[in-house]
Amino acid sequence: MRLTHGLIILLLGLLPGFAGTALGSPTLEEKVIEHQFANGLKLLVVERHDTPIVSAYITMGVGSVHETSETRGVAHLLEHMLFKGTETFGTTNYQKERPILEAIEKAGSSLDALRLQKDADPARVAALKKELADLQEEHKQYVVKDVFSTIYSENGGVGFNAFTSKDQTTYLISLPSNKLELWALLESDRMKHPVLREFYTERDVIREERRRSYDTNPGRQLYESLVLNAYNVHPYRNPIIGWHSDIANLSPQKTRGFLHKYYAPVNTVIALVGDVKAADAIALVERYFGDIPPGTPAPNVAAIEPEQTGEKRVIDIFDAEPRLAIAWHKPTMPNKDDYVFDLIDQILGSGRTSRLYRALVEEQQLATSVSVYGAPGSRYPNLFVIDAIPRYPHTTAELESAIYAELDKLSNELVGDAELTKVRNRLLTDQLRQLDSNAGLAGLLTSYQSLAGDWRYLVTYKQEIEKLTAEDIKQVAGEYFKAANRTVVVLKREDAS
């Protein structure tokens, strides 16, 4: 399964410090030092002493797939909220701030409950709105904005960020190695004493983000519709940001419950890659994170998507140029067919020499762009997606027909040896380019430890890819690229034919 950060650790043998044992240097498997703490926290350390920098990734195996109908959107909201600070950081005086936070929560909860009533008294709604606004204004005097990013930047940190996916949540930073204890202090405090500061303000920010970046963006509208219609049962169908009503009804109580239950050591893996000694890193993490309660393991999703038995076809009316997206259900790692799809991805959609680009964009000039990718997550069976934009005056129907023609070739003809060798090498090389940095390696280690349950999944990847044959590609294409297994979404204007 190809991820955002890429995937091929085995080629690290080509990088400085990661040559194989034939050259007298340790392999990656020998370079990664892992330590399991008593509270369930997993630490992975790779020493790279060429520059005095350490990349620190904290990944929690919790994402939007773990939400219920009562908490949709909470993982994304928490990504925002955990930048707001703790009882120590982000406040001028937490003891004075706390009663106001409690009053804000009480007023906001009452207002949310009142809004759900069909016969709500408008005067009461208006009074609660004013009470909440007044409390929020009073609260501003205690808020220190952007506290973590400011501290990190003042101490040489770069790339401070976070992201939430269907399957996991990651917080990351690269900083001078002599500031690693500062990182441990800040991040352990975020796990121990987070404060849901400016909750209702941030909730409104996310509602506006939903309107601005999703509801009015044709590409995101197409993707969201595709995933929603491809899945009937599995929670992968829900957007990470949540639906409008989900966001509006998230409460501090629900958010805090999700946070304290799952954002805990038993679901967390930390990777430190760079100028750090493993023994020192283990002692440091033990000192700052070792006393945090284990928390509750994130449960496996019980919902299993039923086999699709017929094509799903959807037309979305949207004021934009026409677009087309097609998805086929497929397995995820470590299923052998998932490896095959990595090669199919390369054959069909990687760069200007790929089959779809050559056929649709250059030769037939049916499309202005074409993309191939896996979605929407990696922990559970997912989708292989092709989306494209037709070149005027060509239509989405013409484009769709041409895509199927290319897929039929994969299903009926063997890929030539030269092409297979080329895409194999390109798959490995593309991933290798992303591993030159400490951050790239740290991201890969935490992602695969979280998703596969063991980062060593990466160690076997190259040999699994090299086992695959042209016959495997033909067989997988024939099995999955069937009409009954596909979902098609067309985006077009209301007046378009």
Side-chain angles (χ1 to χ4, degrees), residues 60-84 104-118 120 125 128-129 132 162-170 194 196-217 219-263 296 298-299 301-303 305 314 316 318 375-377 379-380 382-383 489:
M60 287 153 283
V62 184
S64 64
V65 77
H66 298 103
E67 299 164 354
T68 68
S69 60
E70 291 295 313
T71 57
R72 279 193 300 258
V74 72
H76 176 257
L77 174 60
L78 275 171
E79 178 193 320
H80 286 238
M81 295 308 304
L82 289 179
F83 282 97
K84 296 294 183 179
I104 287 172
E105 185 169 323
K106 182 178 178 181
S109 297
S110 297
L111 181 57
D112 284 346
L114 194 60
R115 282 170 170 160
L116 291 176
Q117 298 178 13
K118 293 182 179 179
V125 171
L128 279 172
K129 280 185 176 180
L132 180 60
F163 59 85
T164 303
S165 71
K166 300 284 187 182
D167 303 317
Q168 57 190 19
T169 301
T170 296
L196 301 184
R197 197 169 274 121
E198 300 181 305
F199 180 88
Y200 294 100
T201 302
E202 201 62 33
R203 194 178 70 173
D204 288 341
V205 167
I206 293 174
R207 294 177 71 182
E208 179 57 31
E209 178 187 350
R210 166 88 219 188
R211 285 188 288 268
R212 183 185 67 253
S213 300
Y214 290 77
D215 298 344
T216 62
N217 184 302
R220 282 185 167 176
Q221 179 73 18
L222 181 74
Y223 173 79
E224 191 169 84
S225 181
L226 180 74
V227 173
L228 175 65
N229 285 284
Y231 288 97
N232 290 332
V233 174
H234 199 274
Y236 271 172
R237 75 193 307 267
N238 298 311
I240 295 170
I241 196 172
W243 304 105
H244 281 290
S245 59
D246 295 329
I247 302 167
N249 289 293
L250 286 173
S251 68
Q253 296 89 343
K254 293 177 186 176
T255 305
R256 193 179 296 113
F258 192 88
L259 168 66
H260 290 312
K261 188 174 185 179
Y262 295 133
Y263 285 57
T296 303
V301 173
E305 185 66 23
V314 178
D316 274 356
F318 198 89
R379 193 181 294 273
Y380 299 98
N382 51 18
L383 305 172
V489 177

Identify, with sequence neighbours excluded, every residue that meets side chain to side chain donor-acceptor pair (under 3.5 Å) alongside [X].
{"X": "Arg72", "value": "Asp246"}
{"X": "Glu209", "value": "none"}
{"X": "Lys261", "value": "none"}
{"X": "Ser69", "value": "none"}

Using every non-hydrogen atom in the two residues, find where [X] and [Y] come nearest and quote the distance to one decimal.
{"X": "Ser225", "Y": "Asp316", "value": "OG-OD2, 2.8 Å"}
{"X": "Ser109", "Y": "Gln253", "value": "OG-NE2, 3.2 Å"}
{"X": "Trp243", "Y": "Asn238", "value": "NE1-OD1, 3.7 Å"}
{"X": "Asn382", "Y": "Ala375", "value": "CB-O, 3.1 Å"}
{"X": "Tyr380", "Y": "Pro299", "value": "OH-O, 4.3 Å"}
{"X": "Val65", "Y": "Asp167", "value": "CG1-OD1, 4.2 Å"}

Worksheet item: Would you say the side-chain atoms of Tyr236 pair up with the backbone N or O of Glu305, donor to acceptor, closer than 3.5 Å?
Response: no

Worksheet item: Of all residues at least two apart in sequence or in a different chain, which pass the side-chain contact (heavy atoms from CB on, under 4.5 Å) check with Thr164?
Response: Ala75, Glu79, Thr169, Ile240

Looking at [atom1] of [X] and [atom2] of [Y], how far apart are the two atoms once the value is rounded to the nearest 0.5 Å?
{"X": "Thr201", "Y": "His80", "atom1": "OG1", "atom2": "NE2", "answer": "13.5 Å"}
{"X": "Ser110", "Y": "Leu128", "atom1": "OG", "atom2": "CG", "answer": "6.0 Å"}
{"X": "Leu226", "Y": "Tyr231", "atom1": "CG", "atom2": "OH", "answer": "9.5 Å"}
{"X": "Ile104", "Y": "Tyr200", "atom1": "CD1", "atom2": "OH", "answer": "9.0 Å"}
{"X": "Ile241", "Y": "Ile206", "atom1": "CD1", "atom2": "CD1", "answer": "6.5 Å"}
{"X": "Tyr223", "Y": "Leu228", "atom1": "OH", "atom2": "CG", "answer": "11.5 Å"}

Practice prompt. Determine, step by step, whether His244 and Asp215 satisfy the side-chain contact (heavy atoms from CB on, under 4.5 Å) criterion, reporting the C-alpha distance in whole Å, the side-chain angles of both residues, the deciding distance to 0.1 Å, and the verdict.
Written response: CA-CA 10 Å; His244 281 290; Asp215 298 344; 2.5 Å; yes

Salt bridge (charged side-chain N to carboxylate O under 4.0 Å, His left out) partners for [X], two or more places apart:
{"X": "Glu105", "answer": "Arg256"}
{"X": "Arg220", "answer": "none"}
{"X": "Lys84", "answer": "Glu198, Glu202"}
{"X": "Asp112", "answer": "Arg115, Arg203"}

Worksheet item: Can you name the ring pair (Phe, Tyr, Trp, His ring centres under 6.0 Å) partners of His66, sequence neighbours left out?
Response: none

Worksheet entry | Contacts of type ring pair (Phe, Tyr, Trp, His ring centres under 6.0 Å), residue Tyr262, not counting sequence neighbours | Phe258

Discussion item. Under a plain distance cut-off of 3.5 Å, with no hydrogens placed, do Glu70 and Thr68 share a side-chain donor-acceptor pair?
Written reply: no

Fill in: Check: Asn249/Ser245 side-chain N/O donor and acceptor closer than 3.5 Å
no

Discussion item. Strictly by salt bridge (charged side-chain N to carboxylate O under 4.0 Å, His left out), give each pair with a member in residues 224-236 just once, sequence neighbours left out.
Written reply: Arg210-Glu224

